[in-house]
Colleague: 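One structure, pasted below without further comment.
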2 protein chains.
Amino acid sequence: MPRALPEPSVDSFDLTVILSALAEPGRRALMTELYRGSEPIDCAVIAEKADLGLSSPTISHHYRVLREAGLIRTIAEGRKRIVTVRRLDMEARFPGLLSAVLTGR
Amino acid sequence: MPRALPEPSVDSFDLTVILSALAEPGRRALMTELYRGSEPIDCAVIAEKADLGLSSPTISHHYRVLREAGLIRTIAEGRKRIVTVRRLDMEARFPGLLSAVLTGR
DNA sequence: GTGATGCTTCGACAAGCATCAAACGATGTG
DNA sequence: CACATCGTTTGATGCTTGTCGAAGCATCAC
């Protein structure tokens, strides 16, 4: 049974928390990979693509930070975790932010 | 004699450094005030408007972080420091970022 | 010159954070 | 059932960072 992990409502988004989450290179790499596609996807696949050289506790920690910032939605399906960018919510609250941060170069 | 304090070139802008700088509420408050106007302005005036309850060493530190991130330009004129947002440089490298971060609500 | 003013640097401290190994929990497979 | 698998939580560690007081450094006024 899929169940969504706890996440903040759009109203309670905090720019400090969001920017702190995005400031970390590893987390931003995860977000960039995630932002590239639009389908919900296995978090391990994203972590694979992002190719950070980090232990699983650390990656789990980063996903948690992203989720608690409101940047991603995490759904537990069996042993897996399916993640998505909360595009609409982010766009509603901070228009253009994700695009500016994740498509920069 | 006005002299510009050392600052990074556009090419060496680092998104991690920029987002870390903007993640701090006090620094973001300074940036928001600075972003509101477009003229170079006395840094003390901005600090006044931002109304952070911080000591001058701390404010000086925050200005330094902003400058070293490439977000502002600082010009020493006598005992004063005149600051400006590096709008064009930021826009050239990370289009829409400042607007998204500083005009959010 | 002396003194005042505005900002920066130094040194210290507390809090926060990224990281990992180990242990845990839940889910799937035999 | 036992066992493997995937992810999380815990605890510990070292680094970074925001903060301040005190001292330092220019600059301006007298």
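In what follows, every chain begins at residue 1, and chains take the letters A, B, ... in the order their sequences are listed.
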Colleague: Cation-pi between A/R87 and A/Y35: NZ/CZ under 6.0 Å from ring centre and within 45° of the ring axis?
Modeller: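 Cation-pi check for A/R87 and A/Y35: passes.
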Colleague: To the nearest angstrom, how far is A/E77 atom CD from D/dG7 atom C1'?
Modeller: 14 Å
Colleague: For the pair A/R93 (side chain) and A/F13 (backbone), establish whether a donor and an acceptor sit closer than 3.5 Å, ignoring hydrogens and angles.
Modeller: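 Judged by distance alone, yes, a pair lies under 3.5 Å.
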Colleague: Starting at atom CD1 of A/I82, determine the distance to atom P of D/dC6, rounded to an integer number of angstrom.
Modeller: 13 Å
Colleague: What nucleotide among C/dT9, D/dG18, C/dC20 has an atom nearest to a side-chain atom of B/R27?
Modeller: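 Output: D/dG18.
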Colleague: Using the side-chain heavy atoms of B/C43, tell me which of these nucleotides is nearest: C/dC20, D/dG7, C/dC7.
Modeller: C/dC7
Colleague: Round to a whole Å and report the spacing from CG of A/L5 to P of C/dG25.
Modeller: 17 Å
Colleague: Could you check A/E24 against A/R79 and say which one's nearest nucleotide on DNA chain C is further toward the 5' end?
Modeller: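 Checking each residue's closest nucleotide, the 5'-ward one belongs to A/E24.
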Colleague: May I have the distance from B/E48 (atom CD) to C/dC7 (atom P), rounded to whole angstrom?
Modeller: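 Between P of C/dC7 and CD of B/E48: 11 Å.
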Colleague: Give the rounded distance in Å between these two atoms: CG of B/L19 and P of D/dT17.
Modeller: 14 Å
Colleague: Within the 4.0 Å heavy-atom criterion, would you say A/L54 contacts the bases, only the backbone, or no part of the nucleic acid?
Modeller: sugar-phosphate
Colleague: By the 4.0 Å heavy-atom rule, please label B/H61 as base, sugar-phosphate, or nothing.
Modeller: base
Colleague: How long is the line joining NE2 of B/H62 and C1' of D/dT17, in whole Å?
Modeller: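 Taking atom C1' of D/dT17 as the reference, NE2 of B/H62 is at 10 Å.
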Colleague: Looking at B/T58, does any N or O in its side chain come under 4.0 Å of the phosphate oxygens OP1/OP2 on D/dC20?
Modeller: yes
Colleague: Using a 3.5 Å distance criterion without hydrogens, assess whether the side chain of B/R28 forms a donor-acceptor pair with backbone atoms of B/L22.
Modeller: yes
Colleague: Rounding to a whole Å, what distance do you find between A/Y63:OH and C/dT19:P?
Modeller: 14 Å
Colleague: Taking the basic N atoms (NZ, or NE/NH1/NH2) and the acidic carboxylate oxygens, is any pair closer than 4.0 Å for A/K80 and A/E77?
Modeller: no
Colleague: Please tell me which of the listed nucleotides, D/dC6, C/dC7, D/dT8, lies nearest to the side chain of A/K80?
Modeller: D/dC6
Colleague: Could you check whether any side-chain heavy atom of A/R27 comes within less than 4.5 Å of a side-chain heavy atom of A/V65, counting everything from C-beta outward?
Modeller: yes
Colleague: What is the distance from CZ of A/R64 to C1' of C/dT19, rounded to the nearest Å?
Modeller: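 Spelled out: CZ on A/R64 to C1' on C/dT19 is 16 Å.
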